[in-house]
Amino acid sequence: MTQLKNDLFIKACRREPVERTPVWIMRQAGRYLPEYRAIRDKYDFITMCKTPELAAEVTIQPVDIIGVDAAIIFSDILVIPEAMGMKLEMLESKGPKLYNPIRNIEHVKKLNPVDPYKELKYVLDAVVLTKKELNGKVPLIGFAGAPWTLMTYMVEGGGSKNFSEIKKFIYNQPVAAHSLLNLLADITADYLSAIIESGANAVQIFDTWGGILSPKDFEEFSLQYIIKVISKIKRNTEPVIIFAKGVHYKMMELAQCGADVIGLDWTMNITEVRSLIGNKAALQGNLDPTILYCSEDKIRSETISVLESFGKGSGHIFNLGHGILPDVKPDNLRFLVDTVKKESVRFH
Ligand code: CP3
């Protein structure tokens, strides 16, 4: 196995001492980069995901162009529903569409079983190739959606404004909902295990829609399945990160769900979460992504304010509070990353 030349991110996930705070950015491989758009102009999104050479190339772009301390494999959380037999399209400027959404137990029963080494082998191939091309420069993160967030897309058939279909589904057909969540938890655990076996140094679980649930429903429909996924992942020392957006009311539960790191959105106060959970987990985040539209002075002061809110010591990974927006200037992101590298030294 290639030795990592920069292991700051892995050390911070384990709350080991580091000389400065590591930084990577959710959705760092994407449309804000002209180098990404040049490739995307030639291929559709799903073809890029399914072609390991293209996936590896755009995965490495932000490492070389922006200088982040970790790469995240270029793919999507919706490759799992696609592998289960749902037709997926990425509509230009409208987001993902899944055809024939799941609305009852009969639909759930018709979904295909998934062997990640077969239906999702293209992701594993992309991980192997990316690791080879990175040659230990920075760690590689694999990822998946939380069962709840995947089910939301599968029932809504895409993005949603008020989530009425998924809410109708869980309240009117809880047996079907739990059966699908169990299925997704098993597939997701197998998939993340395969991603780690293929060489990923860490994995992140995205629960983008956790925050649309009441605290009680979050426990019933999301948290227990996150716990199931994490407990079933086959891993050695590879850290697991849980990013559950808008779930401010369950920080202690997330700190005890088996993950090594909790990702925080920008509505959270890092100081408060740190003092609440103590040394149960490392923290990742949480600059408001829209700060990247501002002047360098504002980006610097807000970056320092995030570093200060964690304070001194290890166990902080700098990131945005959600994905980078597509119309951000790459220069502003480069400035942010340089600022974290420079200003975080005094916190260690
Ligand atoms: O972080 C990275 O750079 C790795 C790649 C990555 C993508 N999607 C690529 C992508 C990751 C980690 C994801 C995760 C993902 N996908 C999530 C969870 C994270 C989050 O943002 O909450 C969700 C909810 C999805 C589903 C999805 N895929 C949506 C809602 C969209 C459309 C919105 C958008 O940003 O375009 C996608 C498409 C998508 N996934 C793109 C990229 C680079 C844009 C596709 C394009 O080039 O047209």
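Values in this document were obtained by computation on a predicted structure and should not be read as measured data. What's counted below: heavy atoms across the whole structure, side chains too, no hydrogens, waters or symmetry copies. Counting starts at 1 for both ligands and their atoms, following the listed order.
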Undergrad: Dump the intermediate steps for side chain to side chain donor-acceptor pair (under 3.5 Å) on Ser193 and Asp190, then the final yes or no.
TA: CA-CA 5 Å; Ser193 303; Asp190 288 350; 5.4 Å; no
Undergrad: Using a 3.5 Å distance criterion without hydrogens, assess whether the side chain of Asn286 forms a donor-acceptor pair with backbone atoms of Asp265.
TA: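 A pair under 3.5 Å: yes.
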Undergrad: I want to know if ligand 1 touches Tyr153 in the polar sense, i.e. an N/O pair below 3.5 angstrom.
TA: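 There is no such contact.
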Undergrad: Which ligand 1 atoms does Gly95 reach within 4.0 Å, using its non-hydrogen atoms?
TA: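 Counting atoms of ligand 1 from 1, those under 4.0 Å from Gly95 are 32 (C).
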Undergrad: Tell me: protein heavy atom nearest atom 31 (C) of ligand 1, and distance?
TA: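 Ranking protein heavy atoms by distance from atom 31 (C) of ligand 1, first comes Pro96 CD, 3.6 Å.
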Undergrad: Short N/O distance, under 3.5 Å, between Thr149 and ligand 1?
TA: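 Looking only at distances, the answer is no, because the N/O contact criterion of under 3.5 Å is not met.
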Undergrad: What protein heavy atom sits nearest atom 20 (C) of ligand 1, and how far away is it?
TA: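 The closest one turns out to be His322 NE2, 3.1 Å.
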Undergrad: For atom 13 (C) of ligand 1, what is the closest protein heavy atom, and at what distance to 0.1 Å?
TA: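 Heavy-atom neighbour on the protein nearest atom 13 (C) of ligand 1: Arg27 NE, 3.3 Å.
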Undergrad: Within the side chain of Thr303, is there an N or O that forms a donor-acceptor pair under 3.5 Å with the backbone of Val340?
TA: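 Absent.
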Undergrad: Looking at Tyr43, Phe45, Phe143, which hits ring pair (Phe, Tyr, Trp, His ring centres under 6.0 Å) with Phe74?
TA: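 Testing Phe74 for a ring pair (Phe, Tyr, Trp, His ring centres under 6.0 Å) against Tyr43, Phe45, Phe143 leaves exactly one candidate, Phe45.
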Undergrad: Under 4.0 Å from a heavy atom of Phe74: give me the atoms of ligand 1 that qualify, with their elements.
TA: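 Once the distances to Phe74 are compared, the set is 43 (C).
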Undergrad: For atom 40 (N) of ligand 1, which protein heavy atom lies nearest, and how many Å away is it?
TA: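 In this structure, atom 40 (N) of ligand 1 has Asp76 OD1, 2.8 Å as its nearest protein heavy atom.
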Undergrad: By number and element, which atoms of ligand 1 are closer than 4.0 Å to a non-hydrogen atom of Phe206?
TA: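 The atoms of ligand 1 under 4.0 Å from a heavy atom of Phe206 are 12 (C), 18 (C), 19 (C).
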Undergrad: Closest non-hydrogen protein atom to atom 41 (C) of ligand 1, residue and atom name please, with distance?
TA: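 Answer for atom 41 (C) of ligand 1: Phe45 CE1, 3.6 Å.
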Undergrad: Please report the shortest heavy-atom distance between Val261 and Leu283, naming the atom on each side.
TA: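 It is CG1-C, 4.1 Å.
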Undergrad: Is the closest basic N to carboxylate O distance between Asp7 and Arg14 below 4.0 Å?
TA: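 Answer for the salt bridge query: no.
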Undergrad: Touching ligand 1 at all, Phe243? Heavy atoms, strictly under 4.0 Å?
TA: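 So Phe243 does not count as touching ligand 1.
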Undergrad: Under a 4.0 angstrom heavy-atom cut-off, which atoms of ligand 1 come close to Ser75?
TA: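 Counting atoms of ligand 1 from 1, those under 4.0 Å from Ser75 are 5 (C), 6 (C), 7 (C), 8 (N), 9 (C).
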Undergrad: Using modelled atom types and a 3.5 Å cut-off, is there a donor and acceptor pairing between side-chain atoms of Asp69 and backbone atoms of Phe9?
TA: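 No, Asp69 side chain to Phe9 backbone: no donor-acceptor pair under 3.5 Å.
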Undergrad: Which of these, Arg31, Lys94, Glu92, Met26, has its nearest heavy atom closest to atom 33 (C) of ligand 1?
TA: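 The nearest heavy atom belongs to Arg31.
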Undergrad: Any atoms of ligand 1 less than 4.0 Å from a non-hydrogen atom of Thr208? List them with their elements.
TA: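 What qualifies from ligand 1 is 18 (C), 19 (C), 20 (C), 22 (O), 24 (C).
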Undergrad: Going by heavy atoms, is Lys245 under 4.0 Å from ligand 1?
TA: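 No, Lys245 has no heavy atoms under 4.0 Å from ligand 1.
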Undergrad: Tyr36 versus ligand 1: do any nitrogen or oxygen atoms come within less than 3.5 Å of each other?
TA: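 Yes, at least one N or O pair falls under 3.5 Å.
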Undergrad: With no hydrogens and no angle check, is any side-chain donor or acceptor of Gln204 less than 3.5 Å from a backbone partner on Ile242?
TA: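 Judged by distance alone, no pair lies under 3.5 Å.
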Undergrad: Among protein heavy atoms, which lies nearest atom 46 (C) of ligand 1, and at what distance?
TA: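 Atom 46 (C) of ligand 1 sits closest to the protein heavy atom Arg40 NE, 3.2 Å.
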Undergrad: Which residue pairs pass the ring pair (Phe, Tyr, Trp, His ring centres under 6.0 Å) test with at least one member in residues 277-323, sequence neighbours excluded?
TA: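 Qualifying pairs: Phe243-His322, Phe310-His316.
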Undergrad: Between Arg334 and Ile66 (side chain of the first, backbone of the second, donor and acceptor by atom type, cut-off under 3.5 Å), is there such a pair?
TA: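 Side chain of Arg334 to backbone of Ile66, a donor-acceptor pair under 3.5 Å: no, none is there.
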